[in-house]
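Worksheet: the structure to be examined is printed underneath.
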Protein chains: 2
Amino acid sequence: MHADTRQQIVAAADTLIYEQGYATTSFAHIADAVGISRGNFWHHFKSKDEILDAVIAARLDATRAMLAGWEACADEPRGRLRCFVQMLLDHGEAIGRHGCPVGTLAGELGKLAHPLHPRVAELFALFRGWLRQQFQALGHGPARADALALHLLMRSQGVAVLAQSLKDPVFVRREVRDALAWIDAQAPEAAPRRRRAPRYHRSPR
Amino acid sequence: MHADTRQQIVAAADTLIYEQGYATTSFAHIADAVGISRGNFWHHFKSKDEILDAVIAARLDATRAMLAGWEACADEPRGRLRCFVQMLLDHGEAIGRHGCPVGTLAGELGKLAHPLHPRVAELFALFRGWLRQQFQALGHGPARADALALHLLMRSQGVAVLAQSLKDPVFVRREVRDALAWIDAQAPEAAPRRRRAPRYHRSPR
DNA sequence: GTCTATAGATTGATAGAC
DNA sequence: GTCTATCAATCTATAGAC
């Protein structure tokens with residue numbers, strides 16, 4: 001083929017980086033996956049990091065599309081938030097094997113203080129902003145909506161990390177159920193704001 | 001030196017693996033850190049994986065000692081659970097830079113289906129069992145205590161992952177506060193078990 | 001635009017002198 | 001027990017033919 005070789009490289013690199021990490025993924029691996037020669041890479045990219053940059057850009061686009069899809073799927077914010085949590089079940093098998101694509105890559109690049117780590121952090125920012133919008137649509141103020149967004153994002157990351165080592169679908173299902181119940185309890189109308197009232201959470205399940 | 005060279009190797013490898021990951025850590029790095037020659041490693045270890053195995057064993061010992069220390073620090077289960085959560089603040093700077101030592105290594109080895117991944121999972125099992133004991137001491141049954149233990153473990157992992165990319169101490173402090181409030185709400189006496197009662201959680205903060 | 005050939009460095013690991 | 005010297009493989013990257 002001719003034109004979309006670059007795109008094939010990015011797609012193969014995306015998969016390999018997710019499945020085995022960035023440091024472990026070599027040009028030889030990608031070349032085998034795409035079916036091209038090693039020396040062919042430097043016509044499309046100047047360095048390995050440049051491939052990573054393209055992979056991150058592709059993931060940012062895919063994430064934006066996914067978030068837009070969730071908005072089309074449900075017209076009320078609670079339903080949209082449920083889509084986010086449901087993701088843990090939809091991709092349960094992949095998460096159990098390779099963890100969260102965002103969290104694991106961010107962790108690897110963060111350790112190395114890699115110059116592209118901030119780019120991966122933009123993926124987190126994308127989810128954070130979208131979740132914050134949903135909580136604001138539920139009636140929360142910007143600051144509280146942001147805190148709730150980060151809390152839900154934190155839960156998804158924690159579940160993904162443990163899912164990879166526990167290999168226990170029951171754990172994931174229970175935490176998903178708990179997160180959904182937590183969402184339902186976050187609407188200001190469902191949780192009347194009595195200032196300084198004793199907090200009262202039961203979870204999980 | 002003579003006798004404790006092996007111990008020095010393990011200590012240096014432990015630090016480097018935490019700071020930059022296992023795949024990225026080479027014999028050259030460890031040799032520089034310890035101040036020995038590269039060829040000297042194979043008198044103490046047969047392979048790189050054998051060093052990793054020794055590092056994991058050392059971490060298991062250190063974790064057991066840490067858990068025992070928390071038991072000595074507080075004689076009631078709630079105080080001990082607070083020690084666990086407090087860990088996120090005590091090691092906040094390191095977690096912000098390199099993530100959780102357990103979670104990040106488990107993630108890296110899990111991706112590769114590395115033969116030593118189950119050994120790292122033992123670290124999770126250590127925390128899980130200890131946390132379950134504390135929740136049982138609070139009066140919870142074994143199954144529910146285990147679920148609560150995993151939930152708290154999940155939170156610690158989620159906070160660690162996001163802390164590394166957000167670099168926002170406010171987020172960590174808020175989630176720590178929320179986790180502490182969650183712990184206080186988990187005592188059966190604090191949360192009377194009305195079967196099928198509507199769950200009511202507010203968090204974070 | 002894709003290939004082969006190769007450079008130059010680094011990897012994990014071995015052999016053998018001291 | 002530690003060293004130097006070295007091996008074979010692999011790494012990212014380059015040069016140049018087609």
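So that the names make sense, note that chain A is the first sequence line, chain B the second, and so on, each numbered from 1. This one's a predicted model, so the numbers in the text were calculated from it and none came from an experiment.
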Check for me whether the distance between the ring centres of A:W42 and A:F27 falls short of 6.0 Å. yes
Euclidean distance, atom [atom1] of residue [X] to atom [atom2] of [N] [Å, nearest integer]:
X     : N      : atom1 : atom2 : value
B:F45 : C:dT14 : CZ    : P     : 15 Å
A:K48 : D:dT10 : NZ    : P     : 15 Å
B:I9  : D:dG1  : CD1   : P     : 12 Å
A:I36 : C:dT2  : CD1   : P     : 7 Å
B:L52 : C:dG12 : CG    : P     : 12 Å
B:F41 : C:dA15 : CZ    : C1'   : 18 Å
A:W42 : D:dA17 : CH2   : P     : 20 Å

Quick check: does any side chain N or O of A:Q186 sit under 3.5 Å from a backbone N or O of A:W182, one acting as donor and the other as acceptor? yes
Give one of base, sugar-phosphate or nothing for B:T25, where a contact means two heavy atoms less than 4.0 Å apart. sugar-phosphate
Just compare [options] and give me whichever is closest to any side-chain atom of [X].
X     : options               : value
A:N40 : C:dG12, C:dT2, D:dC3  : C:dT2
A:S47 : D:dA13, D:dC3, C:dA13 : D:dA13
A:F27 : D:dA13, C:dA13, C:dT2 : D:dA13

Electrostatic pair A:R80-A:E76, nearest N-O below 4.0 angstrom: no
Over all atoms of both residues, closest heavy-atom pair of A:V10 and A:A58: CG1-CB, 4.2 Å
On DNA chain D, compare the nucleotides closest to A:H29 and A:G39; which residue's is nearer the 5' end? A:H29
Between A:R38 and B:H43, which has a closest nucleotide on DNA chain D that is more 5'? B:H43
Below the 4.0 Å mark, does D:dT2 have OP1 or OP2 next to a side-chain nitrogen or oxygen of B:T5? yes
Hey, does the side chain of A:S37 come within less than 4.0 Å of C:dT2's phosphate (OP1/OP2), counting only N and O? no
Criterion salt bridge (charged side-chain N to carboxylate O under 4.0 Å, His left out) on B:R82 and B:D184, from CA distance to verdict: CA-CA 9 Å; B:R82 267 184 231 118; B:D184 287 339; 3.7 Å; yes
